[in-house]
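Notes follow the structure.
Below, chains carry the letters A, B, ... as their sequence lines are ordered, and counting in each starts from 1.
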Amino acid sequence: MAKKRLVLKFSPQIVNQPLMFTLSKKYDVSFNILKASIAQNKFGMMIVELDGKKKNIEAASCFLKKSGVSFQRLGEDIKQDEKKCVSCGVCIGYCPTNAFSFDKKNKVIFDSQKCIACEFCVTHCPYGAMTLKY
Amino acid sequence: MQLVIKKIIIGAKEIPVIMKKSIYEINEKILRKKAIVLTAEEMVCYVKEHGVKKAARDIDVVTTGTFGPMCSSGIYFNIPKTRPKIKLGGGEVTLNKVPAYAAYAARDVFLGASALPHYEKNRPKPINFKYGGAGVIEDLVRGRSVLLEATTYGTDCYPATSLRKSFKLADFTDAVLFNPRNCYQNYNVAVNKSGKTIYTYMGILKPDMGNVSYSSAGTLSPLLNDPELKTIGIGTRVFIAGCDGYIVWHGTQHTTAVKKKNGFPVGGAATVALICDLKKTSSEFLRAAYITGYGVSLAVGVGIPIPVLDESIARAAGKDDDEIFAPVIDYSADYPYGKEKAIGLVSYRELRSGSIKLGRKVIPSFSWSSLSKAVEISKILKKKISAGRFLLGDPVAPLPGAASRHGALSAASVCGVGRIK
């Protein structure tokens, strides 16, 4: 079994299609929607966690690609600007999924694998060190 | 340990003073690059390994550091002459739309870190602040242009009634960073006992004591390394925002009448007012901090060297995080109404572990003070002193409530005898 967190982007043409249903039904992949913003005639965005056999997840990813959904792994677009970060650790207190921690040198490190892109750190980092683009 | 007995003369009396070193002697060693300097973190290990007596004998200076938001910060500057001349004093001045204070002479302006442009104040609450006085200060330090807009009433000698011009930091005749208050000796630990999230200067506090926040560098915190203020006073040279600066006065809200535990105040106590040349500061150690739902603040990095003059100073500088305690205060009901009553006391060792225990509840903790920056500052200061590039300032006057350094010192100061030789 494997887990994969993806940021999916839907073009306005395919926003109305039941892609997630197909994904689950045809590829036996369970999905957990962590975040979604979809409106008619506009680009849609969804952050999902796919859970299933590695083989099935890969097949499901191919299906999404073929359907015109562009996607990338969550975390790739979430950046910690090390020049802005002062390693105070406020984010450690805010993050609901404990994606931040101190390393041995007391520098704040960000584990994108744990991130669910709630954007709390992006909004509330006092030094504007977290950015999220998708 | 070999104690040196010195004599000072006050009036007709000769008073023996027992002490190991003087700041003067340590400075001589610094100039010869022979001074033994440790950071406060290293001092903890040294004292644990070798004991207080040996530490007092061996170590000359302990360097400290802290980096966290301090709203009581600002700058004042003097704009170059304009043609025709303008009298800003009494007029209205904004910098990038952030209001500044112009009630001095013609070209002097003061800008506070927490100043806000009108548009920021009108946004929906809790406001996610994007810009303010501290942002302007950081922009200037980063070498960016800042738009100054002024309107005033015009006089015969200063005929202009308005000014709209961009300035960089280098354009100002003078620019000075001034902290009416900084380096709180210790501080509250904030918690929220209410049922809803609250937005405070100690951060976003989750309901039902869902988290606690604190803001102190603990063992590295400058004034906790000299809890009785024996060596820190007016005239002490410090590291501030990347350059050398000075303690010019006690900070606002300074007090020494605070309960103590293990010799260290429990909660906010002594503070210092600091000054330095803004043109020499670095954005590495001076940053605007935007606190959701509260306001804009300026994080300033400060390091104060502590001369290890005797065993009591060595002991204080060698204390560990588990010896310093801070009071846990409810920021939902108690703090706002001035009823600060400690729910409990926690050590910085516990706070740094990532969670604290209050009664049966384990609460995650987070810090506003950057430990890595504090360590960096203490190391920079150590390097500068070791290389003979930073001499200790011998205070010209003590801070209010300070313990006398060698018994007779304060008497000597009061009598105007001058430096102990």
Side-chain angles (χ1 to χ4, degrees), chain A residues 5 7 32 34-37 39 45 47 74-75 77-134, chain B residues 41 66-69 126-131 134-135 138 142 190 197 199 201-206 210-215 217 220 283-301 351-355 363-376:
Chain A
R5 284 178 177 175
V7 182
N32 183 12
L34 303 173
K35 188 176 181 132
S37 69
M45 185 280 299
I47 297 171
L74 179 64
D77 263 355
I78 300 164
K79 293 274 183 281
Q80 177 190 18
D81 185 338
E82 284 175 15
K83 281 185 182 165
K84 285 187 177 173
C85 178
V86 303
S87 289
C88 57
V90 166
C91 50
I92 296 175
Y94 289 173
C95 180
T97 57
N98 300 320
F100 296 94
S101 58
F102 282 120
D103 68 4
K104 281 180 185 167
K105 288 185 170 178
N106 295 305
K107 293 265 184 201
V108 166
I109 47 170
F110 169 60
D111 182 357
S112 59
Q113 296 298 311
K114 289 184 181 171
C115 177
I116 54 162
C118 67
E119 292 188 49
F120 205 83
C121 59
V122 178
T123 314
H124 301 299
C125 169
Y127 304 95
M130 298 304 296
T131 49
L132 192 53
K133 292 173 195 162
Y134 39 69
Chain B
E41 272 192 334
T66 184
F67 183 94
I127 302 175
N128 186 227
F129 296 94
K130 301 278 185 217
Y131 203 62
E138 187 181 332
R142 286 186 183 277
T197 300
Y199 298 82
Y201 67 88
M202 294 295 280
I204 302 171
L205 301 175
K206 295 177 185 173
N211 57 0
V212 294
S213 78
Y214 64 102
S215 187
L220 276 158
S283 57
E284 268 303 302
F285 301 104
L286 182 146
R287 295 280 180 85
Y290 301 96
I291 306 170
T292 305
Y294 180 73
V296 182
S297 188
L298 189 71
V300 182
L351 286 162
R352 289 222 182 286
S353 74
S355 63
I363 311 171
S365 57
F366 68 97
S367 168
W368 278 87
S369 182
S370 166
L371 185 57
S372 74
K373 284 267 182 201
V375 171
E376 192 182 344

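Contact detail for A:Gly89 and B:Phe366: the closest heavy-atom pair is O-CB, 3.6 Å. In terms of heavy atoms, A:Tyr127 sits closest to B:Ala288 at CD2-O, 3.4 Å. In plain terms, the two heavy atoms of B:Ser372 and A:Val86 that are nearest each other are OG-O, 3.9 Å. Taking every heavy atom of both residues into account, B:Arg287 and A:Lys84 meet most closely at NH1-O, 2.9 Å.
When heavy atoms are compared at a cutoff of 4.5 Å, B:Ile291 does not approach chain A at all. Neither the backbone nor the side chain of B:Lys130 comes within contact range of chain A, judged by heavy atoms closer than 4.5 Å. Heavy atoms closer than 4.5 Å to chain A are found in the side chain of B:Phe67, but not in its backbone. With a threshold of 4.5 angstrom between heavy atoms, B:Ser369 approaches chain A through N, CA, C or O but not through any side-chain atom.
Contact residues of residues 94-107 of chain A toward chain B are A:Tyr94, A:Lys105, A:Asn106, A:Lys107 (heavy-atom distance under 4.5 Å).
Listed options B:Val375, B:Asn128, B:Ile204 were ranked by heavy-atom pairs under 4.5 angstrom with chain A; first place goes to B:Ile204. Counting heavy-atom pairs closer than 4.5 Å to chain A, the top-ranked of the candidates B:Thr292, B:Asn211, B:Val212, B:Val296 is B:Thr292. Of the listed residues (A:Cys88, A:Gly93, A:Gly128), the one with the most heavy-atom contacts under 4.5 Å to chain B is A:Cys88.
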